[in-house]
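In what follows, a structure is listed as structure tokens, so that the remarks can point back to it.
Residue numbering restarts at 1 for every chain, and letters A, B, ... go by the order of the sequence lines.
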Protein chains: 2
Amino acid sequence: MKNKEIQEQRMKGYFLEAAKELLKAEGLKSISVRNIAERAGYSYATLYSYFRDLNELIFLCVQDFYEECKEQVQQVTRKKEKGIKKLKAAIRAYADFFIQYPGIFDLFFTETIGNAPNKKQVLELIQHSLDSICEEDWHYCMSWGLLPGDRIGLMKSQLRHSLLGLLLLYLNRSTPASYVDFVSRFNVLVNAIIDDHLPGAMAAGRQTTVNNALISVKIGNNK
Amino acid sequence: MKNKEIQEQRMKGYFLEAAKELLKAEGLKSISVRNIAERAGYSYATLYSYFRDLNELIFLCVQDFYEECKEQVQQVTRKKEKGIKKLKAAIRAYADFFIQYPGIFDLFFTETIGNAPNKKQVLELIQHSLDSICEEDWHYCMSWGLLPGDRIGLMKSQLRHSLLGLLLLYLNRSTPASYVDFVSRFNVLVNAIIDDHLPGAMAAGRQTTVNNALISVKIGNNK
DNA sequence: CAAAAATAATTAACAATGTTAAAATAAAAA
DNA sequence: TTTTTATTTTAACATTGTTAATTATTTTTG
């Protein structure tokens with residue numbers, strides 16, 4: 001009875017790995033039962049012995065992709081010293097992950113999730129992905145008084161939604177047209193949300209912040 | 001030669017009308033060539049005499065839906081007196097339009113637009129839809145000094161992206177779960193963006209604004 | 001170890017999709 | 001009224017997700 005379980009998990013793993021590879025390489029539109037099964041080395045109908053349907057299979061990838069995203073963000077920001085700059089870098093790395101894998105963005109935010117078994121947890125994981133990945137940075141900035149604790153909830157929420165909208169327009173609507181312009185808009189938005197809530201940055205310093213953001217576009221930084 | 005043109009436009013109209021009805025009633029997932037053609041009273045292949053493919057047809061609906069959205073926003077906010085409250089009401093009505101017709105949201109923001117003939121204009125229309133629909137209100141608030149003119153660009157951009165992210169999570173990820181909660185979050189976000197930039201509302205008044213937004217959730221206002 | 005039972009995997013099949021080519025119908029011109 | 005042209009429809013194809021029937025493989029049992 002234990003072997004059964006092990007073998008079943010192994011089989012599931014083959015299909016999951018194939019689906020993940022395909023999703024990262026070709027995107028959601030290229031995902032199909034026959035495609036996945038072929039890459040896994042089985043017939044298409046075999047998939048249905050281990051998953052209720054295609055929907056269940058692809059949404060089982062979410063957990064792994066979340067871990068991968070988290071790992072990548074941590075790797076990019078590892079050397080940076082803690083503080084607001086690192087927090088911003090983490091948010092940027094989070095965005096870059098989805099730009100690198102648009103198929104994962106689709107899976108996370110646009111593909112309809114039907115009746116996956118653990119639907120609720122998957123939705124929670126997706127919705128809080130940005131917050132939980134940046135949790136340490138938020139906590140550091142808050143505990144050292146770099147950010148006002150009573151406004152962090154609002155800032156998180158603003159960032160989550162703004163970044164989601166920004167990514168959606170960039171990935172699905174080619175707006176803005178280039179990655180450089182995307183980064184520019186990204187910086188404006190992030191700085192407007194974070195810097196404007198900085199303890200010291202009231203009336204006087206605000207406009208400067210935003211203008212600086214517009215100027216501080218680094219070219220050739222990524223992709 | 002003129003009759004030819006008229007008849008062709010008429011035929012296109014039948015298919016477009018059918019597609020629009022279907023999209024509003026059933027959503028994008030129920031859109032199919034055979035479905036549209038049946039509703040239009042023709043065979044499925046006839047559609048290809050008037051449109052290059054399905055993609056062209058459905059993205060030709062965008063213009064009409066934009067007008068309809070604009071009309072609905074104006075109708076809802078017509079009686080309100082000009083000012084910031086009316087501006088907020090317009091933004092809210094814009095959001096409500098997409099909540100009423102999730103299929104139109106999908107069409108505008110998530111469906112992949114392939115090679116529609118006027119692709120560029122369609123993308124422009126979609127991207128600036130919120131701004132252009134609320135243009136009068138922005139202009140009024142600015143010219144009467146209710147909002148600082150040098151920050152309106154930033155505010156528009158923040159609103160556009162935040163609202164898009166909010167709608168995406170609500171419509172495609174059931175987050176938040178209820179419409180009441182959606183309106184609550186909507187108010188928090190909109191107020192945080194608009195009120196915090198108000199000329200008079202600096203350091204002192206800000207937190208109050210946000211908290212009020214959390215409280216001022218109107219129940220049973222819509223849908 | 002060989003026959004029977006249970007399990008696993010594959011092929012066949014179905015309905016629905018977008019799209020194209022051939023056939024049939026309707027309209028216009030001669 | 002016949003011929004030509006334009007329009008609409010039916011047939012067909014490839015691809016999709018999914019299920020049922022069939023085959024191959026493993027496990028159990030005598």
Side-chain angles (χ1 to χ4, degrees), chain A residues 1-19 22-23 25-61 103 106-107 110-117 119, chain B residues 1-19 22-23 25-61 103 106-107 110-117 119:
Chain A
M1 293 217 178
K2 204 56 173 301
N3 289 343
K4 190 74 158 295
E5 187 67 20
I6 292 175
Q7 290 164 17
E8 187 173 323
Q9 283 308 116
R10 201 141 39 203
M11 285 295 293
K12 285 193 174 187
Y14 298 149
F15 286 103
L16 279 168
E17 209 52 46
L22 248 160
L23 206 57
E26 313 266 355
L28 238 179
K29 65 200 168 303
S30 299
I31 286 275
S32 78
V33 175
R34 285 165 173 83
N35 244 333
I36 295 171
E38 181 187 34
R39 197 172 276 241
Y42 287 92
S43 172
Y44 47 87
T46 309
L47 190 147
Y48 289 89
S49 303
Y50 299 94
F51 305 93
R52 176 163 8 128
D53 53 25
L54 180 61
N55 203 56
E56 173 180 333
L57 167 55
I58 64 172
F59 274 100
L60 278 174
C61 302
D106 290 338
L107 173 61
T110 73
E111 181 73 354
T112 64
I113 180 175
N115 282 327
K119 177 175 177 175
Chain B
M1 296 217 178
K2 205 54 174 303
N3 288 344
K4 190 74 159 293
E5 186 66 22
I6 292 176
Q7 289 165 17
E8 187 173 321
Q9 282 308 116
R10 197 136 46 198
M11 285 295 293
K12 285 193 175 188
Y14 298 149
F15 285 103
L16 280 168
E17 209 52 45
L22 217 73
L23 205 58
E26 313 266 354
L28 239 179
K29 65 200 168 302
S30 299
I31 286 274
S32 79
V33 176
R34 286 165 173 82
N35 242 333
I36 295 171
E38 182 187 34
R39 197 173 277 241
Y42 286 92
S43 171
Y44 47 87
T46 309
L47 190 148
Y48 289 88
S49 303
Y50 298 95
F51 305 94
R52 177 169 359 135
D53 53 25
L54 181 61
N55 204 55
E56 173 181 334
L57 167 55
I58 65 172
F59 274 99
L60 279 174
C61 301
D106 290 337
L107 173 62
T110 73
E111 181 73 356
T112 64
I113 181 174
N115 282 328
K119 177 175 177 175

Open item on the list: Five pairs per end, C1' atoms only: what is the angle between the end axes of the helix from C:dC1-D:dG30 to C:dA30-D:dT1, to 10 degrees?
Closed with: 30°

So how far is it from [X] [atom1] to [Y] [atom2], rounded to the nearest 0.5 Å?
X	Y	atom1	atom2	value
A:Glu111	A:Phe59	CD	CZ	5.5 Å
A:Thr112	A:Asn55	OG1	CG	6.0 Å
B:Leu107	B:Leu28	CG	CG	6.0 Å
B:Gln7	B:Tyr50	CD	OH	8.5 Å
A:Phe15	A:Ile36	CZ	CD1	9.0 Å
B:Met11	B:Leu16	CE	CG	11.5 Å

Nucleic acid contacts - [range] versus DNA chain D, non-hydrogen atoms under 4.0 Å:
range	value
residues 9-19 of chain B	B:Met11
residues 26-38 of chain A	A:Ile31, A:Ser32, A:Val33, A:Arg34
residues 39-49 of chain B	B:Tyr42, B:Ser43, B:Tyr44, B:Ala45, B:Thr46, B:Ser49

Going by the rule side chain to side chain donor-acceptor pair (under 3.5 Å), which residues pair with [X] if we only count those two or more places apart in sequence or in a different chain?
X	result
B:Glu8	none
B:Glu17	B:Lys20
A:Arg52	none

Task: Flag side-chain contact, heavy atom, 4.5 Å: A:Ile58 against A:Leu23 - done: no

Open item on the list: Is the shortest side-chain heavy-atom distance between A:Asp53 and A:Asn115 below 4.5 Å?
Closed with: no

- [ ] Not counting sequence neighbours, which residues clear side chain to side chain contact (heavy atoms under 4.5 Å, CB included) with A:Tyr44? List them please.
- [x] A:Val33, A:Arg34, A:Ala37

Task: Contacts of type side chain to side chain contact (heavy atoms under 4.5 Å, CB included), residue A:Glu38, not counting sequence neighbours - done: A:Asn35

- [ ] Starting from C1' on D:dT25, measure out to CD on A:Gln7 and report it in whole angstrom.
- [x] 13 Å

Open item on the list: On a heavy-atom basis, which atom in A:Glu56 and which in A:Pro117 lie closest, and how many Å separate them?
Closed with: CG-CD, 3.8 Å

TODO: Examine D:dT8: is either OP1 or OP2 under 4.0 Å from a nitrogen or oxygen in the side chain of B:Tyr50? Give yes or no.
DONE: yes

Task: For A:Phe51, ring-ring contact (aromatic ring centres under 6.0 Å, His included) partners two or more places apart - done: none

Open item on the list: Give the residues of residues 51-61 of chain A touching DNA chain C, defined as any heavy atom closer than 4.0 Å, sorted by residue number.
Closed with: none

